[in-house]
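Numbers restart at 1 for each chain; the letters A, B, ... are given by sequence-line order, proteins then strands. Side chains are part of it too, since the values below use all heavy atoms of this structure and drop only hydrogens, waters and symmetry mates.
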Amino acid sequence: MDLEARIRRRQRRDGEPRLILDYEALSPTSHVEEPVNRGPILERLLNYLDPVFDGKLPPNAYLHGPKGSGKSAVVTALFTHLNRLSTERRPVIYTSTRVQSPMSPVFVYVDARRTPSEFAFYHAVLDALVEERPPKSGIGTGTLKSRLHGVLGGSRVGVVVAIDHLGEPGTLAEEAFVDLFAGLPSNASWLAIGRSPPSETVLTTYTAESIRMEAYQRQILVDVLMTRASNGIAQRALSHGVARDIADWADGDAHDALAALFGAADEATANDRDAITSADVDAGTEAVPRPCISLGRVVALPANRQRVLRRLLDLDVDERSSVQAASERISETVDLSTATVKRILYELSEDGITRRVTAERVDGKGRPPSRLEPCFPTAVFERLYALNRRD
DNA sequence: GATCCACGGGAATACACGGATG
DNA sequence: CATCCGTGTATTCCCGTGGATC
């Protein structure tokens, strides 16, 4: 963080002692520029990317590892730096090389969560490559694709596309993306990122390398928490011991750990404390269901879905005890019909955003209803939702 | 006028249960 | 006893429509 940001944060305090300085810095959906303690994995990725430094494209690759192991964090940081570096050194290369000036490829990071359709995917890649933003509608998928061909085909400089969160529910399937790439010019490589190892066919047909990441070790996760805390909350508000408790609870999952820390900090603030206590941690972990899906999936949902989810959290137990009842209540405060809310609720649970728990038979008639339970960090979602002031 | 995508709405299907039937 | 049937819900599936954008 730069000095100006530090000063601005102090200014915001308005004389009030404030525990939380920057929600964004704590959020499990944001990543830091310098990943903490990731030397070995960065080396492996740089080995894979090595051809880049000779002006060549690396082969396709597949990075996989459990949720919260830092896959997105590492790749976004790496790509940001690589792009920065290659633009900086371009003039130098021109003067220092022989026949052909090795130009670096462009590094594009695409989140599959935000590109659920073929159109959206091509749009995202093209958008990263050209100055002017391509139109979001009124233009066919085929047109978009041929423009992409035009841009890539006419350039010696290739592109490396990292496609993150591959294979998650609600996104295009692994094979679908492989097909999309098959339609691109040959100077495009991909780095796929997903939880599970690549399928055998994808690996053998398209991938030269499969790179595995392991979950965070306890001590490193503590470091991650302390680093985030130093950016996001007041000094000394997070003790080492408390951070260790959170790390133990999270069991190597940085996403869950950060979500719990976020919730704990929020709870401490609500109670007017200037440091996070273990009671706050209890409240923080309480608001992180386990298993917990990535908050990134929730905030990538269309606005109306998020609105429905937000309302769902406001319902009390018996209003939430059936999809029917919940739909009726929610449609009162959201500008959608009951039928649509119901369909959305079913779709959300189908995608694992919520979980349906069927009631054990009580009143006899018909198929028993299901209660809806959130599978994402509720406190963090509520806070971020409020900050964005969607309504 | 073209295009994408979220919405609406409803039809089709699945499920739970109790009672009837063979 | 095993199976089928009717009733009432829950859940899934599908597709046309319209808003937004260019």
Tell me which of A:P135 and A:E350 sits closer to the 5' end of DNA chain C, going by the nucleotide each one is nearest to.
A:E350
Establish, from distance only, whether the side-chain atoms of A:H31 and A:S72 form a donor-acceptor pair under 3.5 Å.
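Their side chains do not contain a donor-acceptor pair, so the 3.5 Å distance test is not met.
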Do A:N47 and A:E43 have side-chain N/O donor and acceptor atoms under 3.5 Å apart?
no
So A:V52 and A:F107, do their side chains get closer than 4.5 Å, heavy atoms only?
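Sidechains of A:V52 and A:F107: in contact.
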Whole angstrom is fine here: how far is it from [atom1] in [X] over to [atom2] in [N]?
X      : N      : atom1 : atom2 : result
A:L345 : C:dT12 : CG    : C1'   : 14 Å
A:R367 : C:dA10 : CZ    : P     : 9 Å
A:K342 : C:dT11 : NZ    : P     : 9 Å
A:L336 : B:dA6  : CG    : C1'   : 10 Å
A:E347 : C:dT11 : CD    : C1'   : 12 Å
A:R305 : B:dA6  : CZ    : C1'   : 8 Å
A:E328 : C:dA10 : CD    : P     : 10 Å
A:Y122 : B:dC4  : OH    : C1'   : 16 Å

Scan [X] against the nucleic acid and name what it touches under 4.0 Å (heavy atoms): base, sugar-phosphate only, or nothing.
X      : value
A:T141 : sugar-phosphate
A:F119 : sugar-phosphate
A:S337 : sugar-phosphate
A:T143 : nothing
A:R343 : base

Could you measure the distance from the OG atom of A:S69 to the CG atom of A:D253? Nearest 0.5 Å is fine.
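Result: 8.0 Å between the selected atoms.
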Check whether any side-chain nitrogen or oxygen of [X] sits under 4.0 Å from OP1 or OP2 of [N], and answer yes or no.
X      : N      : result
A:Y346 : C:dT11 : yes
A:S117 : B:dC4  : no
A:R371 : C:dA10 : no
A:T340 : B:dG8  : yes

Any idea how A:F376 and A:F381 line up, ring-wise: parallel (<30°), tilted (30 to 60°), or perpendicular (>60°)?
perpendicular
